[in-house]
Every structure is written in structure tokens, then in C-alpha cells.
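Chain identifiers are assigned alphabetically (A, B, ...) following the order of the sequence lines, protein sequences preceding nucleic acid strands; residue numbering begins at 1 within each chain.
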Amino acid sequence: MSTKLDMNRLLKRGVSEIIVKEELIQLLSCGKKLRLKEGLDPSSTDIHLGHMVGLRKLHQFQELGHQVVLIVGDWTAQIGDPSGASATRPMLTAEKVKANAETYMKQFFRVVDRDKTEIRWQSEWFGKFSLADVIKLTSKFTVAQFLARDDFNNRFKAGKPIAITELLYPLLQAYDSVAVQADVEFGGQDQKFNFLVGRELQTMLRQRPQQCFMTPLLVGTDGVQKMSKSLGNYIGVDEPPNEIYGKVMSLVDNMLIQYFDLLTDVSDKELEEFRQQLASNSVNPMELKKRLARELITQLYNEEEAAKADENFTKVFQKRGLPEGIEEFEVGAEEDIRDIITRANLAKSHSEANRLLQQGAISIDGVKVSAGKISYQNGNIIKVGKHHFIKVVVRNN
RNA sequence: GGAGAGGUGCCGGAGUGGUUAAUCGGAACAGUCUGUAAAACUGUCGCCCUGACGGGCUACGCAGGUUCGAACCCUGCCCUCUCCA
């Protein structure tokens, strides 16, 4: 691969905006090892595919020899990032933040190379901040500047509250850039304002302003809203392979290209082929989804796991067969099936089990069950819904 | 300091004395269909008994009260939010 091609891939695919692009190209070509700042806000614990878009970028830069500086936002997390939020977020306790950061990092390094990452906690510098420092920092910007920001502006106009701490958020994030002497800051497009404050602050404090590298926001599995944990439309990087595979298969079809584009290394040429095949209906979207699922699992785990998940899907869902390793469950020789599936946690309550029975969701060895009381033999496979199975072991006496 | 709004099921959000286990939307689950765990369509969606019909119990911030009857009225308490200064 030529350097030129690398550049194209690096600066175009999965990128929504770069400020200032020319300067970044210059920096990249001068051979200096760049410090790439990425902030993690440990207000929640799950990294999902939406984050992965940016993390993949970091990884690509790492492969070119650059240094990732991961900042654990243990102070800003207590404020709550106002980005895109239409209401003030709840503050977190210090303990909660610590615990979250741990799990967060475990997932972070599924994509990013740990050896080429420097981990810094905000408390390293903010822990020493005095009121005098705070006043000095805040005096550099005006209310008007901050109100220019979209989400603040909207809330202000609508008469909704903006906590003073929220105004502090961009300042703290900006100061992080100063503290670690960032060359480039990475994040989603919604981070633009914060990044730009960083640039200004660095300039004021006589540092070279960082470049801002922004990635597009990934649309969630519902195909409508951006991927986020609170909306429940996400695929977490820490989920088991079968789970990831399944969620990919249940993606709305028209999300496919975007996911390939932002989350895989499929070449531009192939991407274009996919696009055309879908447009002309010459390929079943299912096939492409399978491919996408394999690509993702390979990245997050390995090829072997991807192949296993693939096999499992074909077997269980397409051929309606049985998965590997069905759990055994002890039952009486003659027992109400509803009691069994409730006991086996396949239904939350007896009422739910009853509903499942009425809806014809329960079958034994492929035969639908309609009555409650049934006699069993060892090895009977009870299926509940589309994908829950237990293997019967008849209890003696 | 003053004025006002509100707390309903997983979430959003109706309802303001009986016909309300509680409209509707979303999520979720099931079934049908499909080369897709997509889409579409249908149904379910508090707990318990019943094959079903049906029945019982518990629920609308918390605690009391009024009433034959309360998510809805009254009293107290807790919590959230907004506006003016």
C-alpha cells in the first residue's frame, strides 16, 4: 500500500470533519510522533460501535507510530457532558466514576493498542487546582461565546436550565489539551465546540493549537437515532460473539453500507460494489449482514469466534436447528410445562409462561405444545420462543 | 423572599369520583410470512388460579381521611422542575 492510499483511508473514511486538515497533513508528513488526545467520560460503562468508529481511527494512527493519550475524565464525568443533551445530566460520585473507568478501559483496549497508549487522569492536574486557578481559567471566555454553542443556545432560548457546572465542562476539557500538550484531539462530531475551545485555550497559553479530528455519529440499530446506550439501540464491543452477530442480523437493512463504511476495512471498491448490488437487488441483504457480522467479530475477537458465531446462526436461525451445548434441566416425569420454563427462567412469571403457551411458543422436539401437563423423557428438547432451549433430564422418584 | 407546575405501568405520556389493570406511542415478547433474529402483518405485554369461560389479589410519590366506591376530592409529608427578584 502506498503512503498516498494510506492517507486517503486515514483522512477520509469514517471522518466527518478535520480542523485544520492541511495542518494535520503537514504534521503527519513531518515524521513527528504525534500526541493524540482522546477523552473518555466514564459516566457510563459501555463502549459500543458508535465509539468504535473513532477508536478505529486512533488505532490506525497508532499503526503509523503515533501516541494515543487517553484521558480519563474523572472530573468532567462528575459534571456530565452537555453535548447533545437537552437537559442537565445527573452528577456522579467519585467512587462510581472510578469503577466505571475500569470497565471502560477494558473495552477501550479491545480496539486500541494498549502499549501505545498513555493513560492520564484529569485529577492529576485538576486535583491541584485552586479557586484562583479556576477564576483565571474562566476569565478567558465570555458567556456569549459559550451561548453560541448550539445545545446551550437551544436550551437558553427555550428557557430550560443550564447548570453553571455545564459551562465549565468545555473549559475543563480544553485545559486537558493544554495539560497533555495534545497535537490532535479525537472524538465525535458533537465534540466540535469543546475541541475548538481547546484550540483557543492552547493558543492563549502559547501552545500550538491542536488539530480537531471528528468522526460521524453512528446511527443505532433502530436505523433512526444515533447509537447510544440510553436509547437501547446499541451493540456493545464487550458483548459475546453470538450476541453481536444476532444484533447485526437484526439491523434495519438500509444501515448496512454505513456500518461497512465506518466500522470495517472493506475497501472502497468493494463498498461501491455492495452499494450497487443492494440498489439492484442482486444480493440478499442478509448475506451482507453476515459478512458485516463476521468482520466485526473478527476485529473484536478473532476469526475463529467469527466463524463459530456464523455457524451458530445458520444452524439455529436459518435451519431452525439446535445450538451447541443446550443446558440440561431437571424435571419431574410428569409436570406442567409452564412450571418448568418459569423455573428455568425462560419466563419471568407463571403468567408469562401461560401466555407463551397460548401463543404457541413452546415446543418439544419440534412439536408444538398446547396443554400444560405433559410427561417427559430424557433428552427431550424444549424450545421456547425463537431461541431458547433446554434439554430434559427426568428426575428419579 | 415571592409566584407557579408536577410526581401514573420498562420508557414517553393520557386520564381528574364508578363502564380503568388503567387510552395512545415506543421498547420488549410471541405468531404468521420471508433465502434476513430486516421489513410487513397479527397478537401479547401487573401477579396468582383455570385447557378455556371465568375468578381472585395488588397497583397510579408516601401516609392518613372523605365516600357505597378514589389514580382522580381533602389533609400532612417527601421529591422534582419553572418563572420573578
Side-chain angles (χ1 to χ4, degrees), chain A residues 80 85-91 154-163 166 219-235 239-260 274 277-279 281-294 296-297 309-323 334-339 341-363 366-375 382-389:
Chain A
S86 49
T88 308
R89 297 200 180 172
M91 302 225 251
N154 291 340
R155 279 158 66 183
F156 189 67
K157 276 192 199 146
K160 288 189 179 157
I162 300 169
E166 290 185 272
V219 176
T221 51
D222 57 358
V224 181
Q225 289 180 284
K226 73 165 187 179
M227 185 174 281
S228 93
K229 193 188 178 189
S230 50
L231 293 173
N233 61 355
Y234 72 107
I235 301 178
E239 298 191 56
N242 279 340
E243 201 63 34
I244 294 175
Y245 201 102
K247 285 194 178 180
V248 171
M249 293 311 289
S250 65
L251 276 179
V252 178
D253 289 353
N254 58 24
M255 290 283 90
L256 267 173
I257 294 295
Q258 188 190 357
Y259 276 53
F260 269 114
F274 289 168
Q277 286 171 338
L278 283 173
N281 281 325
S282 59
V283 66
N284 182 343
M286 176 202 56
E287 295 299 338
L288 292 183
K289 280 190 206 169
K290 285 179 137 189
R291 168 79 185 274
L292 176 63
R294 282 197 304 271
L296 289 173
I297 297 168
D310 191 79
E311 207 179 304
N312 181 68
F313 175 80
T314 311
K315 206 157 107 186
V316 179
F317 297 103
Q318 295 198 295
K319 299 190 175 155
R320 301 189 174 199
L322 304 174
E334 192 167 311
E335 192 177 354
D336 193 314
I337 186 108
R338 291 168 298 181
D339 290 336
I341 65 173
T342 308
R343 201 146 37 82
N345 271 328
L346 298 179
K348 281 200 272 308
S349 64
H350 197 270
S351 294
E352 186 175 306
N354 198 26
R355 271 178 235 129
L356 289 168
L357 180 68
Q358 276 175 28
Q359 290 173 143
I362 305 174
S363 63
V367 181
K368 268 187 195 173
V369 177
S370 53
K373 269 234 167 64
I374 292 186
S375 49
I382 300 177
K383 182 182 176 198
V384 180
K386 284 177 198 150
H387 49 123
H388 296 295
F389 300 90

Asks: Roughly how far apart, to the nearest Å, are B:C73 and B:U66 at atom C1'?
Replies: 8 Å

Asks: Rounded to whole angstroms, how far apart are CG on A:Asn281 and C1' on B:G35?
Replies: 13 Å

Asks: Taking all heavy atoms of A:Ala309 and all of A:Ile297, pick out the closest pair and write down the distance.
Replies: CB-CD1, 3.8 Å

Asks: Can you tell me the distance, in whole Å, between the OH atom of A:Tyr259 and the C1' atom of B:A38?
Replies: 13 Å

Asks: When the C1' atoms of B:G9 and B:G61 are considered, how many whole Å apart are they?
Replies: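 About 14 Å, rounded to a whole number of Å.
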
Asks: So, does A:Lys368 get its side chain near the phosphate of B:U32, meaning an N or O under 4.0 Å from OP1 or OP2?
Replies: yes

Asks: B:A37 C1' sits how many Å from A:Phe317 CZ, rounded?
Replies: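 Those two atoms, CZ and C1', are 6 Å apart.
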
Asks: Enter the distance from A:Tyr234:OH to A:Asp222:CG here, rounded to the nearest 0.5 Å.
Replies: 13.5 Å

Asks: Reckon A:Gln318 touches a base, only the sugar-phosphate, or nothing at all at heavy-atom distances under 4.0 Å?
Replies: sugar-phosphate

Asks: Strictly by Watson-Crick or wobble contacts shorter than 3.5 Å, is anything paired with B:A21, and which nucleotide is it?
Replies: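 Check on B:A21: unpaired, no WC or wobble geometry under 3.5 Å.
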
Asks: Is it the case that B:U34 (base atoms only) and A:Arg320 (side chain only) share a donor and an acceptor within less than 3.5 Å, ignoring hydrogens and angles?
Replies: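 Per atom types, the contact qualifies.
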
Asks: Donor-acceptor pair, A:Lys289 side chain versus A:Met249 backbone, under 3.5 Å?
Replies: yes

Asks: Which nucleotide, if any, forms a Watson-Crick or G-U wobble pair with B:A28, using both distances under 3.5 Å?
Replies: B:U44

Asks: Considering only atom C1', compute the distance from B:G65 to B:C47 and round it to an integer number of Å.
Replies: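 It comes out at 29 Å once rounded to the nearest Å.
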
Asks: Between A:Val384 and A:Pro285, which has a closest nucleotide on RNA chain B that is more 5'?
Replies: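 Per heavy-atom nearest nucleotide, the more 5' residue is A:Val384.
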
Asks: Which nucleotide, if any, forms a Watson-Crick or G-U wobble pair with B:A5, using both distances under 3.5 Å?
Replies: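 Because both required distances fall under 3.5 Å, B:A5 counts as paired with B:U80.
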
Asks: Give the minimum heavy-atom separation between A:Asp253 and A:Pro285, together with the two atoms involved.
Replies: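 Where A:Asp253 meets A:Pro285 most closely, the heavy atoms are OD2-CG, 3.6 Å.
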
Asks: Let's test this: given Watson-Crick or G-U wobble pairing with both distances under 3.5 Å, identify the partner of B:G35.
Replies: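 For B:G35, the partner nucleotide comes out as none, under the 3.5 Å rule.
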
Asks: Among residues 248-255 of chain A, which residues get a heavy atom nearer than 4.0 Å to RNA chain B?
Replies: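 Listed by number, they are A:Met249, A:Ser250, A:Leu251, A:Val252, A:Asp253.
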
Asks: Locate the shortest heavy-atom distance separating A:Thr342 from A:Arg338; write the atom from each residue and the value.
Replies: OG1-O, 2.6 Å

Asks: Under the side-chain hydrogen bond (donor to acceptor under 3.5 Å, both in side chains) test against A:Asp310, which residue among A:Lys315, A:Arg294, A:Lys290 passes?
Replies: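 Exactly one pass, corresponding to A:Arg294.
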
Asks: Between atom CD1 in A:Ile235 and atom P in B:A37, what is the gap in whole Å?
Replies: 15 Å

Asks: Reading nucleotides 46-54 of chain B 5' to 3', which nucleotides get B (base under 4.0 Å from a protein heavy atom), which S (sugar-phosphate only), which -?
Replies: -SBSBSS--

Asks: Rounded to the nearest Å, what distance is computed from the CG atom of residue A:Asn233 to the P atom of nucleotide B:G12?
Replies: 17 Å

Asks: Is the base of B:G43 touched by the side chain of A:Gln359 through a donor-acceptor pair closer than 3.5 angstrom?
Replies: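 Yes, the side chain and the base share a sub-3.5 Å donor-acceptor pair.
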
Asks: Count the heavy atoms belonging to other residues, nucleotides or ligands that lie under 6.0 Å from CD of A:Glu311, then report whether that count exceeds 12.
Replies: no

Asks: NZ of A:Lys319 versus C1' of B:U34: gap in Å, rounded?
Replies: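 Taking NZ of A:Lys319 and C1' of B:U34, I get 17 Å after rounding.
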
Asks: Provide, to the nearest angstrom, the distance between the NZ atom belonging to A:Lys386 and the C1' atom belonging to B:A38.
Replies: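 Rounded to whole Å, this separation is 11 Å.
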
Asks: Using modelled atom types only, decide if a donor and an acceptor are shared between the side chain of A:Thr221 and the backbone of A:Asn233 within a distance under 3.5 Å.
Replies: yes

Asks: Tell me the closest heavy-atom pair linking A:Val283 and A:Gln277, and the distance in Å.
Replies: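 Where A:Val283 meets A:Gln277 most closely, the heavy atoms are CG1-CB, 3.5 Å.
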
Asks: Say you pick atom C1' in B:U16 and the same atom in B:C11; how far apart are they, in whole Å?
Replies: 23 Å

Asks: For B:U67, what is the paired nucleotide under Watson-Crick or G-U wobble rules, both distances under 3.5 Å?
Replies: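 Pairing partner, where one exists within any strand: none, as none qualifies.
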
Asks: Can you give me the closest heavy-atom contact between A:Gly360 and A:Lys368, atom names plus distance?
Replies: O-CE, 3.5 Å

Asks: For A:His387 and B:U36, give me the distance from atom NE2 to atom C1', rounded to whole Å.
Replies: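 To the nearest whole Å, that distance equals 14 Å.
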
Asks: Roughly how far apart are A:Phe389 CZ and A:Leu346 CG, rounded to 0.5 Å?
Replies: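 So the CZ of A:Phe389 and the CG of A:Leu346 are separated by 10.5 Å.
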
Asks: Using the P atom in both, what is the distance from B:G31 to B:A38, to the nearest Å?
Replies: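 About 12 Å, rounded to a whole number of Å.
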
Asks: Remember a base hit wins even if backbone is also touched, and classify A:Phe313 as base, sugar-phosphate or nothing at under 4.0 Å, heavy atoms.
Replies: base

Asks: Say we look at B:C24 and B:U44: how far apart would their P atoms be, to the nearest angstrom?
Replies: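 About 11 Å, rounded to a whole number of Å.
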
Asks: Can you tell me how far apart CG (A:Leu357) and NE2 (A:His350) are? Round to the nearest 0.5 Å.
Replies: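 Output value for this atom pair is 9.5 Å.
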
Asks: C1' atom, B:G46 versus B:A21: distance in rounded Å?
Replies: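 About 7 Å, rounded to a whole number of Å.
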
Asks: Counting only Watson-Crick pairs (N1-N3 plus N6-O4 or O6-N4) and G-U wobbles (N1-O2, O6-N3), all under 3.5 Å, who is the partner of B:A59?
Replies: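 For B:A59, the partner nucleotide comes out as none, under the 3.5 Å rule.
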
Asks: In whole Å, what separates the C1' atom of B:G17 from that of B:A22?
Replies: 15 Å

Asks: Taking for each residue the nucleotide of RNA chain B with the nearest heavy atom, is it A:Gly385 or A:Lys289 whose nucleotide lies nearer the 5' end?
Replies: A:Gly385

